[in-house]
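Excluded from the calculations below are hydrogen atoms, water molecules and symmetry mates; all remaining heavy atoms, backbone and side chain alike, are included.
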Amino acid sequence: IFILGGACMAITTSLYSSMASAPHPLLAAVKDGWLPKFFGKTTPKGYPWVIMLTLYVVSLLLLFIDFGLQEIISLITIPNMILNTVNNLLFIRLIRQYPVAWGKSFFHMPRPAVIAVSLLATLCSLIITVSLLTTLNGGKQCALCGLILFIFGYCLYRLKTGKVDLTSINRLRAQLELEAEREGQG
């Protein structure tokens, strides 16, 4: 009983930690325009009630339509691993675009080492993604792939329709380009 209970508690802890950390990036996504403003509603004390209610309702729905706890964790983790893969690849591109800023960075390391670490992290994310996909049956795999495609399509739609606020990103890009220009002159 202890072994079974311990495994169930470990899985439940993973789910709760994923849900507890979810509101912050989602609130940032609302602020930047990736998600509708409705999701950014909070209580007077700052609790993001719409986001958390949505997460809880989706989790309960998944339990009621015969998703096990391990499958729910896979559904949460797989998109995160795909985002990690995208972030790692974009990071490599970023240090190539802004070598001066990367040279001054607190986290600076030789470029080949950064690329190697980023590619290793990308490979690990892909292995975890494939491993978790194998825990789902064919229908659930197709549903998850459809959901991920929908999310990417929705993001492209928000970007193309101008609903995403890119001013902070453009401001940072201009600042980095200005610094690179000053370095090139000095």
Side-chain angles (χ1 to χ4, degrees), residues 11-94 97-98 101 118 121-122 125-126 128-130 132-133 135-177:
I11 291 171
T12 305
T13 302
S14 296
L15 180 62
Y16 284 145
S17 67
S18 295
M19 289 183 75
S21 64
H24 304 293
L26 291 174
L27 279 173
V30 169
K31 181 183 172 194
D32 290 342
W34 294 105
L35 292 172
K37 292 196 182 302
F38 171 76
F39 284 104
K41 290 185 178 182
T42 59
T43 64
K45 291 187 177 183
Y47 182 76
W49 70 271
V50 174
I51 289 173
M52 292 307 291
L53 180 65
T54 303
L55 290 173
Y56 289 132
V57 167
V58 168
S59 296
L60 285 173
L61 281 174
L62 292 173
L63 285 173
F64 286 125
I65 57 175
D66 199 30
F67 275 78
L69 209 46
Q70 178 61 40
E71 291 171 316
I72 293 171
I73 291 170
S74 293
L75 291 175
I76 292 170
T77 307
I78 289 170
N80 284 333
M81 290 294 110
I82 291 171
L83 283 176
N84 284 344
T85 300
V86 170
N87 285 336
N88 290 331
L89 295 174
L90 290 175
F91 179 70
I92 293 171
R93 185 175 138 203
L94 190 66
Q97 284 181 327
Y98 303 104
S118 294
T122 299
S125 291
L126 291 173
I128 292 169
T129 300
V130 170
L132 289 173
L133 269 173
T135 65
L136 302 174
N137 66 30
K140 291 174 182 171
Q141 288 174 349
C142 289
L144 180 61
C145 290
L147 177 65
I148 290 169
L149 288 174
F150 170 77
I151 290 169
F152 276 102
Y154 181 75
C155 288
L156 281 173
Y157 163 76
R158 298 285 290 185
L159 194 58
K160 297 282 184 192
T161 57
K163 295 183 179 186
V164 177
D165 182 16
L166 296 175
T167 54
S168 61
I169 294 171
N170 290 333
R171 192 176 321 126
L172 181 61
R173 179 180 290 148
Q175 179 184 354
L176 289 171
E177 288 171 355

Exercise for the section: Report the distance from atom OH of Tyr154 to atom CG of Leu159, rounding to the nearest 0.5 Å. Expected result: 12.0 Å
Completion exercise
Separation between CD1 (Ile65) and CD (Glu71), nearest 0.5 Å, reads 10.0 Å
Handout entry: Distance, nearest 0.5 Å, that separates CG of Asn80 from CG of Asn87
Key = 10.0 Å
Practice task
Could you pull out the closest heavy-atom pair between Leu136 and Gln141, with the gap in Å?
Solution key: O-NE2, 3.1 Å
Practice task
Taking atom types as modelled, find out whether Ser74 and Thr135 have a side-chain donor-acceptor pair closer than 3.5 angstrom.
Solution key: yes
Problem - Under 3.5 Å donor-acceptor, Asp32 side chain and Trp34 backbone - result: no
Handout entry: From Leu26, Leu53, Val30, residue fulfilling side-chain contact (heavy atoms from CB on, under 4.5 Å) relative to Phe39
Key = Val30
Handout entry: Asn84 side chain reached by Thr129 side chain, heavy atoms, under 4.5 Å
Key = no
Problem - Closest heavy-atom pair and its distance - Pro79, Leu144 - result: CG-CD1, 4.4 Å
Exercise for the section: Answer yes or no: is there a side-chain heavy-atom contact under 4.5 Å between Ile51 and Leu35? Expected result: no
Problem - Point-to-point distance, once rounded to the nearest 0.5 Å, from CD1 of Ile128 to OG1 of Thr85 - result: 9.0 Å
Fill in the blank from the handout: Taking every heavy atom of Pro23 against every heavy atom of Met52, the minimum-distance pair comes out as CG-SD, 3.2 Å
Completion exercise
Rounded to the nearest 0.5 Å, the SG atom of Cys145 sits from the CG atom of Leu133 at a distance of 6.0 Å
Problem - Minimal non-hydrogen separation, Asn88 against Ser118, with atom names - result: CB-O, 3.8 Å
Problem - Pro48 to Thr42 - nearest heavy-atom pair and separation - result: CA-CG2, 3.8 Å
Exercise for the section: Give a yes or no on this: more than 12 heavy atoms of other residues, nucleotides or ligands lie within 6.0 Å of atom OH of Tyr157. Expected result: no
Problem - Note, Ile148 side chain near Ile78 side chain (heavy atom, < 4.5 Å) - result: yes
Exercise for the section: State, yes or no, whether a side-chain contact exists between Phe152 and Leu147 at a heavy-atom distance under 4.5 Å. Expected result: no
Handout entry: Inter-residue atom distance Ile82.CD1 - Thr77.OG1, 0.5 Å rounding
Key = 11.0 Å
